[in-house]
Amino acid sequence: MPLRLYNTLTQQVQEFAPSSDNTVRMYTCGPTVYDYAHIGNFRTFTFIDILRRTLKANGFALDHVMNITDVDDKIIRNAVAQNKTLEEYTAVYTQAFQEDCRTLRLETPERLIPATRHIDDMAAAIQRLAEGRHTYRSDGSIYFRISTFPEYGKLSHTDFSGNIAGARVDVDEYEKADARDFALWKAPKEGERYWEEPIGPGRPGWHIECSVMAIKYLGETIDIHAGGVDLIFPHHENEIAQSESLTGKPFSRFWLHAEFLMVEGQKMSKSLGNYFTLRDVLGRGYEPESIRYLLASTPYRKQLNFTFEGLKSAATAIERLRNFKLRLETDKFPEGADEEVAGRTAAASRTFTESLNDDLNTAEALAAIFEYVRDVNSAMDAGRFRAGNAAGALEFLKSFDSIFQVIEPTQKGGYIADSEVESLIAERSAAKKARNFGRADQIREQLLEQGIVLEDTKSGVRWKRK
RNA sequence: GGCGCGGUAGCCAAGUGGUAAGGCCAAGGUCUGCAAAACCUUUAUUCGUGAGUUCGAUUCUCACCCGCGCCUCCA
């Protein structure tokens with residue numbers, strides 16, 4: 001089954017393929033680096049990561065641009081308050097963002113670009129919009145005139161007719177002709193950072209960076225544009241207005257939006273104060289993989305209620321997968337290969353892939369692998385699973401983890417050496433043989449204190465790091 | 001008010017016009033020197049409420065109730 005994705009623009013699930021050649025041209029809205037990102041933000045970035053990996057699994061190449069918004073009102077305000085330059089201020093959070101992404105095993109986009117690197121391009125685009133009579137000036141700022149773009153509202157499916165056109169609305173201390181109009185270029189205010197450009201001194205509005213960078217790197221019509229649902233309006237609607245006024249072509253073929261992470265029935269957000277940063281959660285002793293699993297396990301178009309109980313349940317689920325992999329790698333199985341087991345492997349693998357291709361149905365994909373784990377554990381217990389089945393099973397696990405990225409534990413240093421573990425296990429086995437269970441249990445306890453868990457199996461002692 | 005999403009077992013959650021995936025938790029059992037891991041059994045005659053369409057609806061239609069989001073910065 002080909003990949004199908006829900007397109008906000010058409011409000012339908014549609015078959016996806018890149019428009020030309022094999023490369024997906026994708027733009028996703030990145031963070032505004034005025035503070036640490038919270039795990040609600042990372043829900044969207046995790047969704048984008050699952051999307052990237054699924055696109056690759058479908059054999060597509062990627063050219064993915066993500067912006068880093070490093071100039072906006074909050075950044076300017078905070079930088080000024082801390083007596084720092086914009087660059088000094090944003091460097092801290094840009095770096096933190098990249099570290100957090102690595103921690104969550106989020107792939108780095110092919111191009112991760114700060115907005116301030118393209119101020120000239122933005123000014124040039126605004127100039128061209130002005131030449132096309134899509135703009136007007138007011139108090140030194142430049143606004144986009146929505147009335148010049150009749151299709152405004154097509155993404156958010158909002159009908160703006162009969163709306164306050166011509167009314168003079170005072171927003172953000174700037175004068176706009178129409179409430180829907182938005183700033184392309186903001187006149188400098190006292191003490192604020194600004195850029196000297198042919199269109200006049202100032203700084204870019206929020207929306208223009210995405211249009212300009214997407215078109216510059218990916219072309220006038222891109223394949224996918226993605227972000228959180230709160231960006232549908234006005235951000236993405238405004239991007240469409242600017243971009244399509246500039247090029248006369250559809251801006252993006254597919255628009256994908258991730259739903260919110262909720263806390264106690266409300267969206268997680270800075271302004272509500274009900275948020276946790278990744279660092280907060282890790283500080284409470286949870287593993288990055290658990291967070292990733294939790295964020296990825298509920299399909300992206302459904303609101304996901306965050307709880308620490310959910311995080312614990314994710315950790316247990318991951319443990320089950322890890323135990324399964326360890327058993328595949330360490331148990332001794334009879335020679336040959338069982339056809340029924342091989343058939344199960346193929347079927348589960350197919351279900352897994354098709355679930356993801358069905359608009360990234362991660363819940364169903366997880367169900368496929370867990371059902372498989374139970375079946376195979378059962379086959380192992382019954383002696384039906386054979387040595388020749390192990391490679392296929394491990395391969396399926398590998399393809400699972402190439403999307404979910406939760407099985408391999410994050411390395412933590414300071415461990416007891418393998419050889420020492422092995423020699424203690426040997427000593428314990430000898431003690432057991434002599435029926436000296438006191439000593440055997442003492443060794444097991446001792447190892448447990450160092451994070452080593454022993455399991456006695458028919459094919460010998462199996463151990464793992466916890 | 002406009003637009004959109006959702007209400008499925010203790011919790012999380014998938015799903016289909018033909019009779020309820022999966023994960024976590026709980027109880028009992030098998031295996032084990034004891035554990036651990038794993039497996040088995042039990043846990044929604046029922047999918048917010050009411051009506052309708054249908055041979056048959058959790059799945060379609062309508063109404064209603066409840067929750068959430070966007071409409072202002074926001075992933």
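Note that the structure is a prediction, hence the values are computed from the model and not measured. All chains are named by letter (A, B, ...) in the order of the sequence lines, taking the proteins before the strands, and each is independently numbered beginning at 1.
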Please say whether more than 12 non-hydrogen atoms of neighbouring residues, nucleotides or ligands are located less than 6.0 Å from CD in Glu264(A). no

Choosing from A14(B), A38(B), C39(B), which nucleotide comes nearest the side chain of Ala363(A)? A14(B)

Could you tell me which residues satisfy side-chain contact (heavy atoms from CB on, under 4.5 Å) with Asn323(A), sequence neighbours excluded, listed by chain and number? Glu319(A), Glu455(A), Lys464(A)

Pairs under 3.5 angstrom only: tabulate donor-acceptor contacts from the side chains of residues 40-48 of chain A to other protein residues two or more places apart or in another chain.
from, atom 1, to, atom 2, distance (Å)
Asn41(A), OD1, His38(A), N, 2.8
Arg43(A), NH1, Glu259(A), O, 3.2
Arg43(A), NH1, Phe260(A), O, 3.1
Arg43(A), NH1, Lys302(A), O, 2.7
Arg43(A), NH2, Thr298(A), O, 3.4
Arg43(A), NH2, Pro299(A), O, 3.0
Arg43(A), NH2, Lys302(A), O, 2.7
Thr46(A), OG1, Phe42(A), O, 2.6

Distance between the P atoms of C31(B) and A44(B), in whole angstroms? 28 Å

Could you check which of A75(B), C39(B), A14(B) has an atom nearest any side-chain atom of Asn41(A)? A75(B)

Euclidean distance for P, C39(B) against G52(B) (whole angstrom): 47 Å

Check Lys154(A) against Glu237(A) and note the closest heavy-atom contact, atom names and distance. N-OE2, 3.2 Å

Just to be sure I understand the rule, does Lys312(A) reach a base, reach only the sugar-phosphate, or reach nothing, if contact means heavy atoms closer than 4.0 Å? nothing

Please determine, for the side chain of Ser378(A), which listed nucleotide (A21(B), G33(B), C40(B)) has the closest atom? C40(B)

Arg462(A) side chain near A36(B) phosphate (N/O to OP1/OP2, under 4.0 Å): no

Measure from the side-chain heavy atoms of Lys74(A) and tell me the nearest of C73(B), G69(B), A37(B). C73(B)

Tell me which nucleotide among A13(B), C70(B), C40(B) gets nearest to the side chain of Phe260(A). C70(B)

Ordered by number, residues from residues 441-451 of chain A within less than 4.0 Å of RNA chain B (heavy atoms) are Asp441(A), Arg444(A)

Lys/Arg-Asp/Glu bridge criterion (N-O < 4.0 Å) met for Asp178(A), Arg180(A): yes

Residue pair Val373(A)/His157(A) against RNA chain B: nearer the 5' end by closest nucleotide is His157(A)

C70(B) OP1/OP2 closer than 4.0 Å to side-chain N/O of Lys267(A): yes

Expressed as a whole number of Å, how far does the C1' atom of U58(B) sit from that of U45(B)? 13 Å

Please tabulate the protein-to-nucleotide N/O contacts below 3.5 Å involving nucleotides 47-49 of chain B, giving atom names and distances.
none

Between Phe396(A) and Phe352(A), how do the two ring planes meet: parallel, tilted or perpendicular, split at 30° and 60°? perpendicular

Could you check whether any side-chain heavy atom of Gln405(A) comes within less than 4.5 Å of a side-chain heavy atom of Glu107(A), counting everything from C-beta outward? no

What is the base-pairing partner of G1(B), counting Watson-Crick and G-U wobble geometry with both distances under 3.5 Å? C71(B)

Regarding C34(B), can its base be found pairing with the side chain of Asp456(A) as donor and acceptor, where the two atoms are less than 3.5 Å apart? yes

Check every atom of C34(B), C39(B), C70(B) against the side chain of Arg428(A) and return the nucleotide holding the closest atom. C34(B)

For Phe370(A), the ring-ring contact (aromatic ring centres under 6.0 Å, His included) test, sequence neighbours excluded, returns none

Here the residues of residues 295-306 of chain A within 4.0 Å heavy-atom distance, strictly under, of RNA chain B are Thr298(A), Pro299(A), Lys302(A), Gln303(A)

Minimum-distance nucleotide (side-chain atoms of Arg374(A) versus A75(B), G22(B), G69(B)): G22(B)

Reckon Asn323(A) has a side-chain N or O less than 4.0 Å from the OP1 or OP2 of A36(B)? no

P gap between U43(B) and A57(B), integer Å: 25 Å

Specify the separation, in whole Å, of atom CG of Leu261(A) and atom P of A75(B). 13 Å

If I take atom CG in residue Asn238(A) and atom C1' in nucleotide C71(B), what distance separates them, rounded to the nearest angstrom? 13 Å

Which of G69(B), G22(B), A36(B) is nearest the side chain of Val229(A)? It is G69(B)

Mate of C31(B) across any strand shown (Watson-Crick or G-U wobble, both atom pairs under 3.5 Å) is none

Both distances below 3.5 Å, Watson-Crick or wobble geometry, any strand: find the nucleotide opposite G6(B). C66(B)

Going by ring centres under 5.5 Å and near-parallel planes (under 30°), is Phe370(A) stacked on G22(B)? no

A14(B) OP1/OP2 closer than 4.0 Å to side-chain N/O of Asn361(A): no

Closest approach to the side chain of Asp381(A), judged atom by atom: which nucleotide of C73(B), A14(B), A38(B) is it? A38(B)

Is there side-chain contact between Thr8(A) and Leu256(A), with heavy atoms separated by less than 4.5 Å? no

Measuring only the C1' atom in each nucleotide, how far is C65(B) from G15(B)? A whole number of Å is fine. 25 Å

C1' spacing across the pair A14(B) / C47(B), given as an integer number of angstrom: 12 Å

Any sub-3.5 Å donor-acceptor pair from His235(A)'s side-chain atoms to Phe233(A)'s backbone N or O? no

Mind checking whether Phe144(A) and Phe149(A) have parallel, tilted or perpendicular rings, split at 30° and 60°? perpendicular

Need the pair for U61(B). Rule: Watson-Crick or G-U wobble, both distances under 3.5 Å, any strand; none if unpaired. A51(B)

Derivation of the salt bridge (charged side-chain N to carboxylate O under 4.0 Å, His left out) call for Arg327(A) and Asp381(A): CA-CA 11 Å; Arg327(A) 190 175 183 188; Asp381(A) 287 351; 2.7 Å; yes

P atom, C55(B) versus G23(B): distance in rounded Å? 39 Å

Quick check: closest heavy atoms across Ala387(A) and Phe333(A), and the distance to 0.1 Å? N-CB, 3.4 Å

In Watson-Crick or G-U wobble terms, both distances under 3.5 Å, what is the partner of U19(B)? none

Can you figure out which of A37(B), G22(B), C25(B) approaches the side chain of Glu371(A) most closely? G22(B)

For A26(B), give the paired nucleotide (Watson-Crick: N1-N3 plus N6-O4 or O6-N4; G-U: N1-O2 and O6-N3; both under 3.5 Å), or none. U42(B)

Report the C-alpha distance between Asp418(A) and Arg465(A) in whole Å, list the side-chain angles of each, state the deciding distance to 0.1 Å, and finish with yes or no for salt bridge (charged side-chain N to carboxylate O under 4.0 Å, His left out). CA-CA 10 Å; Asp418(A) 284 16; Arg465(A) 297 182 188 276; 2.6 Å; yes

Tyr89(A)-Asn78(A) side chain donor-acceptor pair, cut-off 3.5 Å: yes

A35(B) to U30(B) separation - P atoms, rounded to the nearest Å: 12 Å

Most 5' of Thr457(A) and Ala440(A) on RNA chain B, judged by nearest nucleotide: Ala440(A)

Under 4.0 angstrom, heavy atoms only, what part of the nucleic acid is Leu231(A) near: base, sugar-phosphate, or nothing? sugar-phosphate

